[in-house]
Peer 1: 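Pasting a structure here, questions to come.
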Amino acid sequence: MQGMSGPNITRDGLPFVNFSGINYLGWQQDKSVLSAFCASVMRYGLSTGGSRATQGVCEPHHRLERILSRHHGKDKTLTFASGMLANMGFINAMTAKFNFSSTSKIDNRDAVLVFDRDCHWSLWKAAAHLKFGERLLAFRHNDVVDLERVLGMVGDRKAIVVFESVYSSDGSVAPIGEILDVCERTGTLSYIDDANGFMVYGEPQRPFYEAFKHMRRADFIMVSLSKSVGLEGGAISANAEFIDAFEVLSGTSIFTAAMQPATACAAASIIERLQDDPSVMDDYLRRSLDFRQALLDLDLPLNEEASFITSVMIGNDSKAERVREALEEEGFCVPIFRYPAVKRNHALMRLIQHKDHTESDIQRFVGCLATLLRDAPCDAVRTRLPHAAVAN
Ligand SMILES: Cc1ncc(COP(=O)(O)O)c(C=O)c1O
C-alpha cells in the first residue's frame, strides 16, 4: 500500500475502496490520535527496550491496563504486543508447570482445555501440544448442550472453557450468559476472547446486549487492540493472582518485547473516546446493519447473525477467487476467506464496512456485486465451523 490503510487504499499505484481493513473506525486518520501518538513518541521513544521483565513498561502501559481493568470489572490487566500473543500466553500459562521457589510452584499439567470448535487459529495453535480427546476437548460451535456433554468427560480434573464473543469469519455471537452458567454450575474456569466484540457490544442500546451483559462474569477476558481500537496489541484482564502469575507463566510477556509505549498511549485515548462518546459506535453499527440489509435485498446468502461482520457465503474456492479478482478490477479490495482459513469450498467474502465509506462507495459496491452474482450466483453454502477444518 502507498499511504495509510483506511476506507480507501492505494495498492501498487491503483486506488481501491477498501472492505478488508479491521481498523474500521479509522482512528489512524484522526488528527488528535496521531498527535497523542507523536507526543508519546517524543516522551517515551519508540520502544520499551525489551520485555516488561527487564526494565518494566512505561506509564502509558499502566494507564491502558487500568482503563481495561475498570472496563472489565477485574483487578488487573496484562498487555501483550498482540492479541495473538495474549491468547498463546494464556494457553501456555494454563498448561505449564513452573517452580517460583522451593516452596511455591504452579503445576497446570493436568488442566483440560475445552474449546468452542470455531476458536481462533492462535488458540488452537497454542494448544497443539495437548493430546486431542484427552487434555484438549471441543464442543460444537455455540452449542451449550454439547458443552455440557463435553464437560461431563472432564470428570474431576480442572478445566477451562475457551470461547469467543464474536467469531471473525461468520460474525456469529456466543451465548455468553448460557456458557458462563454452565461454567459456574460445574466449577469450570472461563476464558473469553473478545477480540472482535471489544468496545463494540455491551451497551444496553446496542444489539446482542442480552449476551454481552454477562461478559464480566468470565474469569478471563482477552481483547485485541487491532480491531475497534485499530492499532496493535492485546490484553488479558482477570483477578490479580492470575495476572501476576501470567507475567512469568505466559512466556509471551517475558520472552518478547512489550507493545510500543506510544501505541499503549493512543489505545488508551481511543478507548476513553469510545467510552465518552458512544454515538461513534452506535452510528457505525447502524450503518453496518444498513449495509447488511442492502446485500440481503440482493438475495445474497449471508452469515446468519446480524453482527457488524457481513460475510457473503460464496462456496466454491475458485469461484470466490474469481469474485475477488472481478471486484478488484472494479476498484474494490475485499478479503476472501478460503481453505485453509475455512473448510474447502466453503469460501466466503468477509466484509467489514469502514466508518468513512461514502454512500456512493457503498451503492457502487452493492451494484457491482449484484451484476457479478447475477452472472455467477453463489453456491449458497452456509458454512459452520470455519476453523474446525484447520484445527482438527
Ligand atoms: C478472535 C480473534 N482472536 C485473536 C485475534 C488476534 O488478534 P491480534 O490481531 O491482536 O493479534 C484475532 C484477530 O484476527 C481474532 O479475530
Side-chain angles (χ1 to χ4, degrees), residues 5 7-9 11-12 14-24 116-121 124 140-142 164 166-173 195-196 227 287-354 357 361-392:
S5 131
N8 303 288
I9 54 171
R11 211 174 51 191
D12 302 329
L14 296 172
F16 293 96
V17 178
N18 182 26
F19 287 92
S20 298
I22 51 170
N23 53 354
Y24 49 88
D116 182 294
R117 276 198 198 166
D118 281 12
C119 273
H120 191 257
W121 181 88
W124 282 107
R140 278 200 294 274
H141 178 52
N142 278 348
E164 295 178 23
V166 182
Y167 288 78
S168 7
S169 53
D170 68 357
S172 53
V173 174
N196 294 300
K227 317 256 175 165
R287 285 196 70 203
S288 74
L289 287 181
D290 291 346
F291 177 54
R292 180 182 167 86
Q293 189 56 50
L295 298 185
L296 281 175
D297 291 345
L298 294 178
D299 259 348
L300 289 180
L302 297 188
N303 54 328
E304 284 161 26
E305 212 113 46
S307 62
F308 70 99
I309 293 174
T310 302
S311 297
V312 183
M313 306 311 204
I314 297 176
N316 182 279
D317 284 348
S318 7
K319 183 186 287 179
E321 203 43 44
R322 287 198 300 277
V323 170
R324 189 188 64 72
E325 283 165 10
L327 285 168
E328 197 170 281
E329 272 171 30
E330 296 295 329
F332 297 105
C333 176
V334 297
I336 294 292
F337 284 28
R338 48 179 282 192
Y339 182 81
V342 296
K343 286 197 250 181
R344 264 184 221 286
N345 294 319
H346 282 60
L348 57 91
M349 178 166 54
R350 204 271 310 266
L351 299 168
I352 298 192
Q353 192 183 359
H354 192 284
H357 277 145
D361 285 341
I362 297 291
Q363 275 172 20
R364 202 167 70 78
F365 178 72
V366 172
C368 274
L369 258 189
T371 314
L372 250 178
L373 296 168
R374 194 179 51 228
D375 299 343
C378 296
D379 295 344
V381 172
R382 287 190 184 270
T383 173
R384 304 300 297 178
L385 315 182
H387 291 289
V390 191
N392 294 340

Peer 1: Quick check for you: to the nearest 0.5 Å, what is the distance between Glu304 atom CD and Ser311 atom OG?
Peer 2: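 Result: 11.5 Å between the selected atoms.
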Peer 1: Within the 4.5 Å heavy-atom criterion, are Phe19 and Cys333 side-chain neighbours or not?
Peer 2: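 A side-chain contact is absent here, since even the closest heavy-atom pair is not under 4.5 Å.
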Peer 1: To the nearest 0.5 Å, how far apart are CG in Leu369 and CG in Leu327?
Peer 2: 5.5 Å
Peer 1: As an exercise, state the distance from CD1 of Ile336 to CD of Glu325, rounded to the nearest 0.5 Å.
Peer 2: 10.0 Å
Peer 1: Using the test ring pair (Phe, Tyr, Trp, His ring centres under 6.0 Å), find all partners of Phe332 that sit at least two apart in sequence or belong to another chain.
Peer 2: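 Scan of Phe332 (ring pair (Phe, Tyr, Trp, His ring centres under 6.0 Å), adjacent residues dropped) gives Phe365.
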Peer 1: Mind checking side-chain hydrogen bond (donor to acceptor under 3.5 Å, both in side chains) for Arg11 and listing every partner two or more places apart, or none if nothing turns up?
Peer 2: Glu328
Peer 1: Using the test salt bridge (Lys or Arg N to Asp or Glu O under 4.0 Å), find all partners of Arg322 that sit at least two apart in sequence or belong to another chain.
Peer 2: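 Result, salt bridge (Lys or Arg N to Asp or Glu O under 4.0 Å) vs Arg322: none returned.
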Peer 1: So Asp317 and His346, side-chain contact (heavy atoms from CB on, under 4.5 Å) or not? Walk me through it.
Peer 2: CA-CA 7 Å; Asp317 284 348; His346 282 60; over 6 Å; no
Peer 1: Measure from NZ or CZ of Arg344 to the centre of the six-membered ring of Tyr339, then state whether that distance is under 6.0 Å and the direction lies within 45° of the axis.
Peer 2: yes
Peer 1: Quick one: list whatever passes side-chain hydrogen bond (donor to acceptor under 3.5 Å, both in side chains) with Ser5, sequence neighbours left out.
Peer 2: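 Ser5 satisfies side-chain hydrogen bond (donor to acceptor under 3.5 Å, both in side chains) with Asn23 once adjacent residues are dropped.
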Peer 1: Keeping Glu164 on the side-chain end and His120 on the backbone end, is there a donor-acceptor pair under 3.5 Å?
Peer 2: yes
Peer 1: Out of Thr310, Ile22, Val342, Asp170, which residue meets the side-chain contact (heavy atoms from CB on, under 4.5 Å) rule with Arg350?
Peer 2: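 Only one option passes, and that is Ile22.
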Peer 1: State which residues pass side-chain hydrogen bond (donor to acceptor under 3.5 Å, both in side chains) with Asn18; sequence neighbours excluded, sorted by chain then number.
Peer 2: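 Asn18: no side-chain hydrogen bond (donor to acceptor under 3.5 Å, both in side chains) contacts found.
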Peer 1: Report the distance from atom OG of Ser307 to atom CD1 of Ile352, rounding to the nearest 0.5 Å.
Peer 2: 9.0 Å
Peer 1: Kindly write out the residues that satisfy side chain to side chain contact (heavy atoms under 4.5 Å, CB included) with Ala306, not counting sequence neighbours, or none if the list is empty.
Peer 2: Leu289, Arg292
Peer 1: Show me, pair by pair, the donor-acceptor contacts under 3.5 angstrom made by side chains of residues 293-300, not counting sequence neighbours?
Peer 2:
unit_1: Gln293; atom_1: NE2; unit_2: Asp297; atom_2: OD1; d: 2.9

Peer 1: Can you name the residues that form a side chain to side chain contact (heavy atoms under 4.5 Å, CB included) with Asp361, not counting sequence neighbours?
Peer 2: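 With neighbours one apart ignored, the set is Asn8, Val17, His357, Thr358.
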Peer 1: With heavy-atom distances below 4.5 Å as the criterion, would you say the side chains of Leu348 and Ile314 are in contact?
Peer 2: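 A side-chain contact under 4.5 Å is absent here.
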Peer 1: Mind listing the closest non-hydrogen atom pair of Leu372 and Ala326 along with its distance?
Peer 2: CD2-CB, 3.6 Å
Peer 1: Going by the rule salt bridge (Lys or Arg N to Asp or Glu O under 4.0 Å), which residues pair with Glu321 if we only count those two or more places apart in sequence or in a different chain?
Peer 2: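 Checked Glu321 against salt bridge (Lys or Arg N to Asp or Glu O under 4.0 Å); matches are Arg324, Arg338.
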Peer 1: I'd like to know if the side chain of Asn303 reaches the main chain of Val312, judged simply by a donor and an acceptor atom lying under 3.5 Å from each other, with no hydrogens or angles considered.
Peer 2: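 Flag not set: sc Asn303 to bb Val312 has no pair under 3.5 Å.
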Peer 1: Hey, are Ser172 and His141 close enough side-chain-wise for a donor-acceptor pair under 3.5 Å?
Peer 2: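 On atom types as modelled, these side chains qualify, holding a pair under 3.5 Å.
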Peer 1: For Leu14, check side chain to side chain contact (heavy atoms under 4.5 Å, CB included) against everything at least two apart and list the hits.
Peer 2: Phe16
Peer 1: Could you tell me whether the side chain of Asn196 and the main chain of Tyr167 form a donor-acceptor pair under 3.5 Å?
Peer 2: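 Between the backbone of Tyr167 and the side chain of Asn196 there is no qualifying donor-acceptor contact (under 3.5 Å).
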Peer 1: Go through it in stages, so that I can follow the logic: the residues are Met313 and Leu302, the test is side-chain contact (heavy atoms from CB on, under 4.5 Å), and I'd like the CA-CA distance, side-chain angles, deciding distance and then a yes or no.
Peer 2: CA-CA 6 Å; Met313 306 311 204; Leu302 297 188; over 6 Å; no
Peer 1: Does any pair with a residue in residues 302-322 pass ring pair (Phe, Tyr, Trp, His ring centres under 6.0 Å), and if so which ones, sequence neighbours excluded?
Peer 2: Tyr24-Phe308
Peer 1: Please report the closest heavy-atom contact between Ala195 and Lys227, naming both atoms and the distance.
Peer 2: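 That would be O-CG, 3.5 Å.
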